[in-house]
Asks: 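After the structure tokens below, expect a handful of questions from me.
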Amino acid sequence: MDLEKFMNDLEKKHPGEMEYLQAVREVLETLEDVLQENPQFETAGILKRIVEPDRIFTFKVPWVDDNGNVNVNLGYRVQFNNAIGPYKGGLRFHPSVNLSILKFLGFEQIFKNSLTTLPMGGGKGGSDFDPKGKSDGEVMRFCQSFMLELWPAIGPDTDVPAGDIGVGGREIGFLFGAYKKLAREHTGVLTGKGINWGGSLVRPEATGYGATYFAEEMLKTKNTSYAGKNVCISGFGNVAWGAARKVTELGGKVLTISGPDGYIYDPDGISGDKIDYMLELRASNQDIVKPYSYEFPGAQFVAGKRPWEVKCDVAMPCATQNELHKEDAEILVKNGVMCVAEGANMPSTPEAVEVFQRNKILFGPGKAVNAGGVATSGLEMSQNSMKLNWVAEEVDSRLHQIMKSIHEACVLNGTEEDGYVNYVKGANVAGFLKVANAMMDQGVI
Ligand code: NDP
């Protein structure tokens with residue numbers, strides 16, 4: 001396959017969709033061997049078909065704020081690929097949301113979901129609505145208006161959205177309430193639900209826990225573990241929170257967390273009641289990072305900087321896309337980082353990934369490392385179908401096992417001649433093969 005020609009043609013069709021084009025290129029670059037070994041994929045137009053979503057819904061979301069003003073946001077759902085199961089992927093509410101970002105996330109989701117070994121296709125959605133600083137009433141009215149448009153397109157066997165940036169338990173509750181009213185049924189149409197109405201134990205912490213389990217497997221390949229390691233985490237959202245808890249439990253010390261304005265450096269480690277304190281701040285809709293340094297005087301707030309300048313053994317970017325640049329990667333390598341595990345989706349730029357791989361650093365891409373979130377959503381769907389609830393230990397042990405299998409699949413498909421595991425290639429190849437073979441079986445459709 002001529003990658004440059006393929007990408008040029010795609011760019012002509014979707015000009016300016018930078019994040020989407022970046023994600024497609026990153027996957028296709030690693031599939032060269034697979035495509036050569038499987039010429040039938042080219043004949044069946046698998047690549048041409050897999051890079052285009054099955055369909056995209058775009059709609060307006062009008063809502064009234066507490067002052068009686070009418071606001072209009074844009075809503076989207078990208079149903080990307082359902083070859084191996086119903087569309088599955090989160091909803092993101094953030095002012096930066098646009099179609100390119102949702103298409104990049106939906107595309108990545110296809111391979112991530114395939115890696116989990118569970119029957120889930122890929123999708124993603126969201127809105128440019130910003131829940132930050134909004135009252136519960138405003139968020140509820142927005143969610144109800146959003147669902148008024150979305151509900152006919154989703155269903156427990158069709159498309160099962162979940163949370164993502166800006167969509168947590170509160171938003172899922174309002175979205176579910178609206179769906180239930182409109183569809184007149186109580187089904188597992190969303191995941192991340194409350195524990196009393198169909199949710200799964202361990203779902204809130206699953207992405208961070210899963211990321212840490214995956215990184216632990218990476219460290220094992222070097223005969224080491226988290227015990228005694230210094231760890232830099234970015235963000236302090238859902239993913240970063242779970243990662244901070246599990247890293248601490250496994251004996252690592254979390255030195256940093258961050259927000260858009262800067263990062264916290266706490267040389268004593270961010271653990272226990274400090275994590276609880278951050279959760280309180282988060283729940284109260286306040287600025288999260290800065291107050292931490294007032295509450296815990298040993299900690300320092302570094303304004304306008306990213307945490308990657310702090311010397312660490314393991315780096316876990318858990319905030320957002322393209323938040324770790326080439327220069328950050330160079331500093332991390334210079335400071336002796338041995339493992340970089342992406343809790344967020346595509347947080348490292350392609351140039352940063354290149355630096356890690358050239359220096360033979362253990363580098364785990366988001367689609368493998370953070371797959372624990374959607375995997376546990378898959379476990380929530382299974383519990384909903386069976387109409388029962390597993391205890392926390394059962395969910396956690398299944399999650400742990402899934403993360404180990406994803407790691408094994410990456411090693412199997414990504415080990416290079418010199419023994420270096422290219423986790424990016426491993427994850428892409430393993431995720432792609434299952435979906436491509438399913439598409440072959442199902443004909444051109
Ligand atoms: P949250 O909204 O809960 O948290 C995001 C965090 O990142 C917040 O602390 C936010 O700070 C911070 N942040 C946002 N922008 C920046 C920036 N430019 N620099 C530094 N920090 C920033 O989202 P999630 O934790 O759910 O998601 C984080 C990432 O993980 C995303 O890439 C998401 O797609 C991915 N992911 C999430 C899954 C999940 O289960 N939730 C599953 C798989 C992947 P502030 O709140 O102050 O804006």
Side-chain angles (χ1 to χ4, degrees), residues 19-31 34 50-51 53 78 80-81 83-85 87-90 92 101-118 120-124 162 164-165 206-215 217-218 239 243 316-324 339-350 352-353 356-357 362-378 399 402-414 421-436:
E19 294 84 359
Y20 160 68
L21 294 165
Q22 178 185 338
V24 171
R25 176 182 283 277
E26 186 260 328
V27 170
L28 298 195
E29 270 173 354
T30 58
L31 296 181
V34 175
I50 208 168
V51 299
V78 181
F80 225 114
N81 186 299
I84 61 169
Y87 305 106
K88 179 90 197 87
R92 177 177 290 191
I101 289 182
L102 295 180
K103 281 173 68 182
F104 123 62
L105 290 164
F107 183 68
E108 291 277 294
Q109 197 82 42
I110 305 170
F111 308 105
K112 181 189 304 190
N113 292 3
S114 162
L115 281 171
T116 65
T117 68
L118 302 173
M120 298 182 288
K124 198 83 191 185
D164 190 73
I165 292 179
T207 309
Y209 276 22
T212 312
Y213 291 145
F214 190 93
E217 293 302 305
M218 294 168 84
V239 180
M316 300 180 75
C318 295
T320 192
Q321 66 273 0
N322 292 329
E323 53 150 325
L324 195 162
C339 174
V340 179
E342 294 188 328
N345 284 312
M346 212 165 74
S348 313
T349 62
V353 177
F356 293 135
Q357 292 186 328
L362 293 169
F363 173 76
K367 72 168 73 68
V369 176
N370 69 34
V374 73
T376 308
S377 278
L399 165 67
I402 288 171
M403 296 317 294
K404 283 184 175 177
S405 345
I406 298 175
H407 184 267
E408 273 166 30
C410 290
V411 172
L412 186 71
N413 292 284
V421 182
N422 183 336
Y423 286 92
V424 176
K425 181 177 178 192
N428 287 341
V429 170
F432 171 79
L433 273 175
K434 187 170 161 192
V435 178

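What's counted below: heavy atoms across the whole structure, side chains too, no hydrogens, waters or symmetry copies. Predicted model, so just to flag it, every value in this text is computed and none were measured.
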Asks: Would you please name every residue forming a ring pair (Phe, Tyr, Trp, His ring centres under 6.0 Å) with Y423, sequence neighbours left out?
Replies: F214, H407
Asks: Not counting sequence neighbours, which residues clear side-chain contact (heavy atoms from CB on, under 4.5 Å) with V340? List them please.
Replies: A315, P317, V337, F356, I361, F363
Asks: Restricting to non-hydrogen atoms, name the atom on E26 and the atom on V424 that form the minimum distance, rounded to 0.1 Å.
Replies: OE2-CG1, 2.8 Å
Asks: Ignoring hydrogens, what is the shortest heavy-atom contact between A375 and T116? Give both atom names and the distance.
Replies: CB-CG2, 3.9 Å
Asks: So which atom in V353 and which in S348 form the shortest heavy-atom distance, rounded to 0.1 Å?
Replies: CG2-CB, 3.8 Å
Asks: Minimum heavy-atom separation for N113 to V374, with atom names?
Replies: OD1-CG1, 3.2 Å
Asks: Which residues pass the side-chain contact (heavy atoms from CB on, under 4.5 Å) test with E29, not counting sequence neighbours?
Replies: L3, R25
Asks: What is the minimum heavy-atom distance between E323 and A344, and which atoms define it?
Replies: OE2-CB, 4.3 Å
Asks: Which residues pass the side-chain contact (heavy atoms from CB on, under 4.5 Å) test with T349, sequence neighbours left out?
Replies: N322, H325, E351, A352
Asks: Does a side-chain heavy-atom distance below 4.5 Å link V421 with M218?
Replies: no
Asks: Which residues pass the salt bridge (charged side-chain N to carboxylate O under 4.0 Å, His left out) test with K88, sequence neighbours left out?
Replies: none
Asks: Given 3.5 Å as the limit, does a donor-acceptor pair link the side chain of N81 with the main chain of G121, or not?
Replies: no
Asks: Taking ring pair (Phe, Tyr, Trp, His ring centres under 6.0 Å) as the definition, give me every residue that meets it alongside Y209, ordered by chain and number, with sequence neighbours left out.
Replies: none
Asks: Assign the ring pair F111 / F432 to parallel, tilted or perpendicular, where the plane angle (0 to 90°) is split at 30° and 60°.
Replies: tilted
Asks: What is the minimum heavy-atom distance between A23 and F104, and which atoms define it?
Replies: CB-CD1, 3.8 Å
Asks: Does the side chain of V78 come within less than 4.5 Å of F107's, by heavy atoms?
Replies: no
